[in-house]
Amino acid sequence: MSLLFPALVDGSGERSEMGVPPDGVWGMVALRFGPRSLTYGRLAAAAGALAGRVGDADRVAVWATPELETAVAVVGTLLAGKAAVPLNPKSGDKELAHILADSAPSAVLAAPGAELPPALASLPRIDVDVDASGPVPEDRTTESDPALVVYTSGTTGPPKGAVIPRRALAATLDALADAWQWTGEDTLVHGLPLFHVHGLVLGILGPLRRGGSVRHLGRFDTDGVARELNDGATMLFGVPTMYHRIAEALPDDPGLAKALGRARLLVSGSAALPVHDHERIAAATGRRVIERYGMTETLMNTSVRADGEARAGTVGVPLPGVELRLVEEDGTAIAGYDGETVGEIQVRGPNLFTEYLNRPDATVAAFTADGWFRTGDMAVREPDGYVRIVGRKATDLIKSGGYKIGAGEIENALLEHPGVREAAVTGEPDADLGERIVAWIVPADPQSPPSAQELADHVAGRLAPHKRPRVVRYLDALPRNDMGKIMKRALGA
Ligand code: MCA
Ligand code: AMP
């Protein structure tokens with residue numbers, strides 16, 4: 001198949017050899033994480049060397065800290081023709097054990113010195129050496145070969161591994177290049193985590209496919225954004241929580257407003273950016289944030305185009321190659337765009353995942369008989385085709401800080417706490433996080449209920465810190481219907 005990273009092959013079409021040409025694209029900085037950076041030449045050499053070490057198995061895990069090594073690990077794995085399984089380095093023991101058992105990686109790639117938890121002790125460890133040199137191997141993959149397995153929460157049960165083929169990476173990144181006029185001249189800044197599609201595929205693999213640069217902040221803060229945009233970065237990617245924090249900081253930070261005003265493109269995604277934040281940023285900077293809509297299973301589906309109208313509250317139009325329809329409850333497609341009729345978004349195209357790993361049942365359920373993927377997102381289409389997302393089918397999926405979190409997974413973790421007799425989890429509106437996780441608890445002993453902090457720590461340690469309840473409410477009993485099913489809508493009433 002065509003190479004995922006044309007810029008890792010030098011200008012004459014020759015693959016990387018040990019010696020690194022100092023000029024041209026190869027002398028250009030590809031990746032920068034704080035003070036550390038790699039040129040295309042060095043990246044080709046380091047990732048080429050790593051590709052030679054990952055072995056013959058199908059999949060390797062990547063301990064996805066926000067560091068240079070993570071980017072080299074994923075690129076090296078892809079150059080080797082293998083699939084990478086990015087791991088959240090803050091994963092708790094239960095979540096990590098599930099992902100390892102399910103994806104069965106042959107090794108874990110990590111930054112030298114990174115401390116790995118006991119759950120990974122039985123896996124061979126490969127330290128990523130960013131100073132190593134080796135040739136970029138010949139690409140023998142086909143476009144349907146898996147590139148990534150990314151774990152994503154459902155309403156119940158543990159996260160499922162979405163198998164993302166190489167074709168989908170190429171298709172989505174090239175469609176975004178078209179929509180955003182994204183080229184090798186662009187320098188992206190972001191502070192997103194590297195174990196999800198947003199930060200890894202769009203934020204790292206995107207610039208590398210274009211032959212441009214990315215500067216990762218290590219962790220998001222508004223000072224870092226301002227510094228990089230003032231220093232030549234042209235694009236910013238973030239989740240709504242990050243843009244909300246920018247909007248909050250703008251009134252007291254004229255330097256930030258000036259820096260954002262310089263950007264070519266400010267892009268938000270992973271959840272809806274409230275219109276109020278759109279408007280505050282536009283008023284202070286003169287720039288409009290544009291939104292794109294995607295999903296782990298589909299990569300990117302729609303976007304406001306760089307040459308289109310930036311309309312707050314919409315996610316723009318389908319990307320090139322993506323077929324999108326809205327479907328009524330009974331399965332009929334909605335004809336015409338009236339800006340009012342709500343239907344479920346279904347998509348088809350080369351951007352889609354192939355399957356949930358080891359979950360043929362879930363894979364079948366995710367598609368219609370004629371091959372459309374059911375997103376579970378509800379939307380309307382404006383008369384000119386712009387998509388406006390209005391909600392979600394499942395109330396048991398929570399989007400907090402841009403992370404998708406299944407209520408069932410947290411309920412199961414809470415029920416494993418000895419002080420909890422019954423548990424229900426809901427999402428509540430939150431100005432910063434979009435939604436915050438609320439745990440409704442019936443304590444085993446009403447005289448000494450476990451504290452909110454204890455329950456948050458319990459969930460953070462079992463699953464991941466972003467899945468911890470931010471609020472705990474204690475009840476004598478959960479509201480249930482005649483069938484015994486918990487009535488979540490009655491909670492909070
Ligand atoms: C707090 N911490 C804890 C606990 N409480 N650790 C252990 N136990 C506890 N009880 C730690 C956290 O690990 C973290 O550590 C720090 O305290 C702050 O945590 P938190 O409050 O959760 O962070 P935040 O400041 O609220 O984070 C906001 C954020 C974050 C930075 C916006 O939510 C974020 O990075 N979101 C991005 C999500 C994303 O990329 N989604 C894409 C998936 P430390 O200080 O060490 O960090 S969606 C996708 O990919 C699709 C395709 C799409 O469309 O994009
Ligand atoms: P994830 O499964 O974590 O990849 O999250 C995918 C979900 O994020 C989608 O199904 C949407 O519900 C949501 N999402 C992503 N981008 C947007 C956006 N721009 N506006 C509203 N929701 C979004």
Side-chain angles (χ1 to χ4, degrees), residues 64-66 86 88-92 148 150-155 159-160 162 164 168 172 176 190-203 217-222 237-246 267-274 278 289-304 312-316 344-345 347 351 353 373-379 387-394 397-406 430 432-437 451-470:
T65 51
N88 176 354
K90 294 206 177 92
S91 287
L148 298 172
V150 179
Y151 279 80
T152 181
S153 292
T155 50
K160 302 187 288 277
I164 298 170
T172 220
L176 291 177
H190 79 86
L192 292 154
L194 300 186
F195 46 85
H196 276 312
V197 163
H198 194 168
L200 180 61
V201 176
L202 274 58
L217 297 172
R219 66 180 300 157
F220 172 83
D221 69 42
T222 54
F237 291 174
V239 293
T241 300
M242 296 172 180
Y243 284 102
H244 175 78
R245 291 179 185 180
I246 286 173
V267 187
S268 175
S270 301
L273 180 63
H278 268 288
V289 177
I290 64 166
E291 284 193 70
R292 93 294 178 290
Y293 157 63
M295 218 173 152
T296 303
E297 291 89 335
T298 66
L299 306 186
M300 294 304 115
N301 296 311
T302 73
S303 184
V304 171
T314 79
V315 293
E344 182 192 9
I345 301 176
V347 291
N351 51 312
F353 76 136
F373 176 74
R374 311 172 201 269
T375 65
D377 292 308
M378 306 301 289
V387 176
R388 182 183 293 276
I389 295 175
V390 297
R392 230 183 348 252
K393 241 178 157 171
L397 281 180
I398 300 164
K399 264 272 164 172
S400 188
Y403 288 110
K404 180 151 94 184
I405 303 160
D430 185 279
D432 181 46
L433 296 170
E435 289 181 280
R436 62 173 164 265
I437 296 171
S451 72
Q453 184 63 50
E454 189 178 335
L455 293 174
D457 292 346
H458 172 78
V459 173
R462 300 287 278 149
L463 304 177
H466 67 263
K467 297 181 178 176
R468 72 190 189 275
R470 308 271 176 154

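We count ligands from 1, going down the list as the structure has it; atoms in each ligand are counted the same way.
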- Message: Please list the nearest protein heavy atom to atom 23 (O) of ligand 1 with its residue and the distance rounded to 0.1 Å.
- Response: Arg470 NH2, 4.6 Å
- Between Arg219 and ligand 1, is there a nitrogen or oxygen pair with a distance under 3.5 Å? yes
- Using atom types as modelled and distance alone, determine if a side-chain donor or acceptor of Thr222 lies under 3.5 Å from a backbone N or O of Ile246. no
- Query: Does the N or O separation between Gly401 and ligand 1 drop below 3.5 Å for any pair?
  - Reply: yes
- Item | Test item: Thr155 side-chain N/O and Leu397 main-chain N/O as donor-acceptor pair under 3.5 Å | no
- Message: Regarding Tyr151 and Asn88, do their side chains bring together a donor and an acceptor under 3.5 Å, going by distance alone?
- Response: no
- Task: Would you indicate which of Met242, Arg245, Arg468, Glu291 comes nearest to atom 28 (C) of ligand 1 when only heavy atoms are counted?
- Result: Arg245
- Query: Can you check whether a protein heavy atom sits less than 4.0 angstrom from atom 1 (C) of ligand 1?
  - Reply: yes
- Query: Residues two or more places apart in sequence or in another chain: which of them pass salt bridge (charged side-chain N to carboxylate O under 4.0 Å, His left out) with Arg436?
  - Reply: Glu428, Asp430
- Salt bridge present between Arg468 and Asp457 (N-O < 4.0 angstrom): no
- Closest candidate by heavy atom, reference atom 7 (C) of ligand 1, pool Gly92, Ala460, Gly203, Pro89: Ala460
- So how far is it from Ile164 CD1 to Leu148 CG, rounded to the nearest 0.5 Å? 5.5 Å
- Item | Rounded distance [0.5 Å steps], CE in Met242 versus CZ in Phe237 | 12.5 Å
- Message: Can you tell me how the ring of His466 sits relative to the ring of Phe195, calling it parallel under 30°, perpendicular over 60° and tilted otherwise?
- Response: parallel
- Does an N or O from Thr241, backbone or side chain, lie closer than 3.5 Å to an N or O of ligand 1? no
- Between Ala312 and His278, what is the shortest heavy-atom contact and its length? CB-CG, 3.6 Å
- Query: Should you measure from each heavy atom of Met295, which atoms of ligand 1 turn up under 4.0 Å away?
  - Reply: 52 (C)
- Item | Close side-chain approach of Arg292 and Val267, heavy atoms under 4.5 Å | yes
- Note: Pro159 and Lys467 closest approach over all heavy atoms is CG-NZ, 4.1 Å
- Message: For the backbone of Asn301 and the side chain of Thr298, can you confirm whether one donor and one acceptor N or O come within less than 3.5 Å of each other?
- Response: no
- Task: Could you tell me whether some N/O pair between Ser270 and ligand 1 is separated by less than 3.5 angstrom?
- Result: yes
- Examine the proximity of ligand 1 to Lys404 and report which part, side chain or backbone, both or neither, has a heavy atom under 4.0 Å away. neither
- Query: Can you tell me the protein heavy atom closest to atom 11 (C) of ligand 1 and the distance?
  - Reply: Pro465 CB, 4.5 Å
- Task: Write out the residue and atom name of the closest protein heavy atom to atom 50 (O) of ligand 1, then the distance separating them to 0.1 Å.
- Result: His198 N, 3.0 Å
- Task: Select all protein residues for which some heavy-atom-to-ligand 2 distance is less than 4.0 Å, and list them by chain and number.
- Result: Thr152, Ser270, Ala271, Ala272, Glu291, Arg292, Tyr293, Gly294, Met295, Thr296, Val315, Asp377, Ile389, Lys399, Lys404
- Query: Considering distance alone, does some N or O of Ser400 sit under 3.5 Å from an N or O of ligand 1?
  - Reply: no
- Message: Is it the case that the side chain of Thr375 and the backbone of Ile345 share a donor-acceptor pair, with hydrogens and angles ignored and the cut-off at 3.5 Å?
- Response: yes
- Heavy-atom distance under 4.5 Å between the side chains of Met300 and Val197, does that happen here? yes
- Can you name the nearest heavy-atom pair linking Pro240 to Ala271, along with the distance? CG-O, 3.2 Å
- Message: Between ligand 1 and Met300, can you find any atom pair, the residue atom being a heavy atom, that is separated by under 4.0 Å?
- Response: yes
- Any N or O of Thr296 that comes nearer than 3.5 Å to an N or O of ligand 1? no
- Can you find an N/O atom of Gly269 closer than 3.5 Å to an N/O atom of ligand 1? no
- Note on the structure: Tested for side chain to side chain donor-acceptor pair (under 3.5 Å) against Tyr293, the lone hit among Thr302, Thr314, Asp377 is Asp377
- Report the nearest protein non-hydrogen atom to atom 34 (C) of ligand 1: residue, atom name, distance rounded to 0.1 Å. Tyr403 CE1, 3.7 Å
- Between the side chain of His190 and the main-chain N/O of Leu192, is any donor-acceptor distance below 3.5 Å? yes
- Task: Please could you name the atoms of ligand 1 that Gly294 approaches to less than 4.0 Å, counting only its heavy atoms?
- Result: 54 (O)
- Hey, mind stepping through Met295 and Lys404 against side-chain contact (heavy atoms from CB on, under 4.5 Å) and telling me if it holds? CA-CA 10 Å; Met295 218 173 152; Lys404 180 151 94 184; 3.7 Å; yes
- Message: What I want to find out is whether Glu344 reaches Arg392 closely enough, with some N-O distance under 4.0 Å, to be called a salt bridge.
- Response: no
- Decide whether the shortest distance between a heavy atom of Leu433 and an atom of ligand 1 is less than 4.0 Å. yes
- Note on the structure: For atom 47 (O) of ligand 1, the closest protein heavy atom turns out to be Lys90 NZ, 2.9 Å
- Message: So does Lys399 get a backbone contact from the side chain of Glu435, meaning a donor-acceptor N/O pair under 3.5 Å?
- Response: yes
- State the atoms of ligand 1, each with its element, that fall below the 4.0 Å cut-off from a heavy-atom position in Val197. 50 (O), 52 (C)
- Query: What about Asp432: any of its N or O atoms under 3.5 Å from an N or O on ligand 1?
  - Reply: no
- Item | Heavy-atom protein contact below 4.0 Å for atom 16 (C) of ligand 1 | no
- Among all protein heavy atoms, pick out the one at the shortest distance from atom 41 (N) of ligand 1; state its residue, atom name and that distance to 0.1 Å. Gly402 O, 3.0 Å
- Task: Mark the output for Gly199 as yes if a heavy-atom distance to ligand 1 is under 4.0 Å, and as no if none is.
- Result: no
- Taking atom 54 (O) of ligand 1 as the reference point, the nearest protein heavy atom with its distance: Arg292 NH1, 3.0 Å
- Do any nitrogen or oxygen atoms of Lys399 lie less than 3.5 angstrom from nitrogen or oxygen atoms of ligand 1? no
- Message: Among all the protein's non-hydrogen atoms, which is closest to atom 10 (N) of ligand 1, and how far away is it?
- Response: Asp457 OD1, 2.8 Å
